[in-house]
Amino acid sequence: MLKPTALALACATTLFASGSAFAQDPIRISAELEQQVIEWRRDLHQNPELSNREFRTSKVVAEHLRELGLEVQTEVAHTGVVGILKGGKPGPVIALRADMDALPVTEQTDLLFKSTATAEYRGEEVGVMHACGHDLHVAMLMGAAQQLAAMQEDIEGTVMFIFQPAEEGAPKGEEGGAELMLEEGLFAELKPDAVFGIHVWSAGTTGHIGYRSGPLMASSDRFEINVKGRQTHGSRPWGGVDPIVTAAQIIQNTQNIVSRQIDITKAPAVVSFGIVEGGVRNNIIPDDVYLEGTIRNFSMENRAQIFEKLKTTAEHTALSSGAEAHVHIDEGYPVTVNDPSLTEKMLPTMERVAGKDKVKVNALVTGAEDFSFYALEVPGLFVFLGITPEGQDPATAPSNHSPFFYADEAALKTGTEMYVNWVFDYAAQE
């Protein structure tokens, strides 16, 4: 892995003029820094770590930030790292975020730097892979930190670099991720005026940017319903209370929540069941049935209504059959909402960095992101960066979380430069 050096970065090759909201040309990174970002990415890819276990990754990040002269805080939300860069001029506080964790996936690519790492997950030995591109996120933000540190005197305000663990979810019985970083006071002493994030996206062509004002990614919530009946022989159903029929009625009736009780003109939503468990023998009606599912939606108001109506529907349906239903909702990630004003202000920056023809409005994404917690606290902007090479159909590319996930490293330059230009352009406008 290349070590950070005092590079004569891209400053000498750009027409950037401090104080100008939109300089003639965007700030570009040097070929040397681009290569270093690639090397960082490959090193991280070969050494992936699961959520809340990002010990090596956080050490690499912290050492880099310290060498750049930043104020560094470690062990935030277990393994998180926060770097603070104070610019040479007064101005806003701007936060840039990258997530660090990998997935319990065995890599099946033919990359020379493919992961062969393993770790324990839910009591089993599993392969570990950066199958969602978080290695790219970390490398791009490390590169942005190096570029911005070299331009420190020109920066208006303060830059907060957030290297976050456990975006994919903390292990069972643990807390983690953005929510825990905030609970531990991430924004308490130094609250950003805006927070920015990038996620690499196999559904986009390399270097293309997908953005959306307002809701972009869905909330993600898990629910459990325990249906309590009374066991009886299958030949005498009147002798007990059938939780299987009751569970079927609950599954059917809850589909009316979205289709008949929620104002879907506000935003789409879906309630899906993924687990139905009950019974041990064909001729015995059991005592109980267990249901589990997911709720996805794009409106925080609708989200609260769905929670309430799911509980009411399940309980009343069970009551009508003489059974009981106990509902537990595990609130996950909120809706990821891009602040409309911030999005509008930063759109020209995205078009300048990536090229106007490569910046498009993204469709709603039913996946979830815990960047949403930051965006509930301060205005946020979260965008997708395409990583599928030109000439390949992104629609057929292995998706994020696939063991065949592939990222075109040419996108790293675009992402790194996006972070850098957001800092200067936001400060200039404010």
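Note: hydrogens, waters and symmetry copies are ignored here, and every other heavy atom, side chains too, is used. Model, not experiment: these values are computed from the prediction. Residue numbers count from 1 along this sequence.
- Within 6.0 Å of NZ on Lys59 lie no more than 12 heavy atoms contributed by other residues, nucleotides or ligands.
- Between Asp287 and Lys228 there is no salt bridge, since none of the side-chain N atoms of the basic residue sits less than 4.0 Å from a carboxylate O of the acidic one.
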For this session: Begin with the C-alpha distance, continue with both residues' side-chain angles, and end with the deciding distance and a verdict on side-chain contact (heavy atoms from CB on, under 4.5 Å) for Ser372 and Met217.
Result: CA-CA 9 Å; Ser372 52; Met217 300 184 74; over 6 Å; no

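- For the residue pair Thr265 and Asp263, a side-chain donor N or O sits within less than 3.5 Å of a side-chain acceptor on the partner.
- The side-chain heavy atoms of Ile155 and Leu85, taken from C-beta on, include a pair separated by under 4.5 Å.
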Exercise. What's the verdict on side-chain contact (heavy atoms from CB on, under 4.5 Å) for Thr205 and Thr388, showing C-alpha distance, side-chain angles and the deciding distance?
Worked result: CA-CA 5 Å; Thr205 300; Thr388 294; 5.7 Å; no

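- For Tyr374 against Met181, the heavy-atom pair with the smallest separation is OH-SD, 3.6 Å.
- The pair Arg230-Asp288 does not meet the salt-bridge criterion, since no charged nitrogen lies less than 4.0 angstrom from a carboxylate oxygen.
- Inter-residue side-chain proximity for Phe196 and Ile94 is flagged as met; some heavy-atom pair is nearer than 4.5 Å.
- Heavy-atom contacts from other residues, nucleotides or ligands closer than 6.0 Å to CG of Leu376 number more than 12.
- Expressed to the nearest 0.5 Å, how far OG1 of Thr416 lies from CG of Leu33 amounts to 7.0 Å.
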For this session: I would like to know whether Ile209 and Phe384 meet side-chain contact (heavy atoms from CB on, under 4.5 Å); could you show each step before the answer?
Result: CA-CA 6 Å; Ile209 301 294; Phe384 292 112; over 6 Å; no

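- A donor-acceptor pair under 3.5 Å links the side-chain atoms of Ser202 to the main chain of Pro398, judged by distance alone.
- Interatomic distance, Phe382 CZ to Asp339 CG, rounded to the nearest 0.5 Å: 15.5 Å.
- The distance between the ring centers of Trp40 and His64 falls below 6.0 angstrom.
- Heavy atoms from other residues, nucleotides or ligands lying under 6.0 Å from NZ of Lys86 number 12 at most.
- Between Ile84 and Phe161, every side-chain heavy-atom pair lies at or beyond the 4.5 Å cut-off.
- Remark: the backbone N or O of Glu167 is paired with a side-chain donor or acceptor of Tyr333 at under 3.5 angstrom.
- Under a cut-off of 6.0 angstrom, the local environment of CD in Glu224 is crowded, with over 12 non-hydrogen atoms contributed by other residues, nucleotides or ligands.
- The nearest pair of heavy atoms linking Gly332 to Asp221 is N-OD1, 2.8 Å.
- The environment of Glu308 atom CD is sparse: at most 12 non-hydrogen atoms of other residues, nucleotides or ligands sit within 6.0 angstrom.
- Here the closest heavy-atom approach between residue Ala77 and residue Pro165 is recorded as O-CG, 3.4 Å.
- By the neighbour-count criterion of 12 heavy atoms within 6.0 Å, atom CG of Asp393 is densely surrounded, having more than that number from other residues, nucleotides or ligands.
- With hydrogens and angles ignored, the 3.5 Å screen pairs no side-chain donor or acceptor of Ser219 with any backbone N or O of Val335.
- Between Ser399 and Phe405, the shortest heavy-atom distance links the atoms O-CD1, 3.6 Å.
- Side-chain contact between Tyr426 and Asp193 is present, with at least one heavy-atom pair separated by less than 4.5 Å.
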Identify each donor-acceptor pair in which a side-chain atom of residues 269-286 lies under 3.5 Å from a protein atom, sequence neighbours left out, and give them as a table.
unit_1, atom_1, unit_2, atom_2, d
Arg281, NE, Asn283, OD1, 2.8

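- Looking at Tyr419 and Glu417, their side chains never bring a donor and an acceptor atom within 3.5 Å of each other.
- Between Gln249 and Ser321, the side chains place a donor N or O and an acceptor N or O closer than 3.5 Å (distance only, hydrogens not considered).
- A salt bridge does not link Arg56 to Glu49: none of the charged nitrogens lies less than 4.0 Å from a carboxylate oxygen.
- Side-chain atoms of Asp242 never come within 3.5 Å of backbone atoms of Pro237 as a donor-acceptor pair (strictly under, hydrogens ignored).
- Put simply, the residue from His130, His45, His199 that forms a ring pair (Phe, Tyr, Trp, His ring centres under 6.0 Å) with His137 is His199.
- Gly204 approaches Pro394 most closely through the heavy-atom pair N-CB, 3.9 Å.
- For residues 72-82, the pairs satisfying side chain to side chain donor-acceptor pair (under 3.5 Å) are Glu54-Thr79, with sequence neighbours left out.
- Salt bridge annotation for Arg41-Asp43: absent, with no cationic side-chain nitrogen under 4.0 angstrom from a carboxylate oxygen.
- Here the side chains of Leu103 and Val128 are not in contact, with every heavy-atom distance at 4.5 Å or above.
- For the residue pair Ser115 / Glu107, no side-chain donor-acceptor distance below 3.5 Å is found, with atom types taken as modelled.
- Checking side-chain atoms of Thr313 against main-chain N and O of Lys309 turns up a donor-acceptor pair under 3.5 Å.
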For this session: Please lay out, stage by stage, how Arg53 and Glu120 fare under the test salt bridge (Lys or Arg N to Asp or Glu O under 4.0 Å).
Result: CA-CA 11 Å; Arg53 306 292 184 268; Glu120 183 179 314; over 6 Å; no

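- Ion pair Arg222/Glu331 not flagged as a salt bridge, since none of the NZ, NE, NH1 or NH2 atoms sits closer than 4.0 Å to an Asp/Glu carboxylate oxygen.
- Using modelled atom types, no side-chain atom of Asn52 and backbone atom of Ala170 make a donor-acceptor pair closer than 3.5 Å.
- In this structure, Lys345 does not pair ionically with Asp425, as no charged nitrogen and carboxylate oxygen lie closer than 4.0 Å.
- Checked by atom type, the side-chain pair Glu125/Thr118 shows a donor-acceptor distance below 3.5 Å.
- For Leu50 against Pro104, the heavy-atom pair with the smallest separation is CD2-N, 3.6 Å.
- Under 4.0 Å is where a charged nitrogen must lie from a carboxylate oxygen, and between Glu351 and Lys358 no such pair does.
- Within the 3.5 Å criterion, the main-chain N or O of Ala314 finds no donor-acceptor partner in the side chain of Thr317.
- The structure places CG of Leu364 at 11.0 Å from OG1 of Thr336, a figure rounded to the nearest 0.5 Å.
- With His134 as reference, Asp101 is the one residue of Thr57, Asp101, Asn400 to meet the side-chain hydrogen bond (donor to acceptor under 3.5 Å, both in side chains) rule.
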Problem set entry | Worked check of side-chain contact (heavy atoms from CB on, under 4.5 Å) between Trp422 and Met350 | CA-CA 8 Å; Trp422 272 333; Met350 294 187 279; 3.9 Å; yes

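- Looking at Val93 and Pro192, their side chains come closer than 4.5 Å, going by heavy atoms from C-beta outward.
- Here the side chain of Asn338 pairs a donor or acceptor atom with the backbone of Arg212 at under 3.5 angstrom.
- Between Glu189 atom CD and Lys191 atom NZ the span is 14.0 Å, to the nearest 0.5 Å.
- Side-chain contact check for Val227 versus Glu324: every heavy-atom pair is 4.5 Å or farther apart.
- Side-chain atoms of Ile387 and Trp201, non-hydrogen and from C-beta on, never get closer than 4.5 Å to each other.
- In the model, Gln36 has a side-chain atom that pairs as donor or acceptor with a side-chain atom of Gln146 under 3.5 Å.
- Side-chain N/O atoms of Asp99 and Gln164 include no donor and acceptor closer than 3.5 Å.
- Classification of Arg97 and Glu369 as a salt-bridged pair holds, one side-chain N sitting under 4.0 Å from a carboxylate O.
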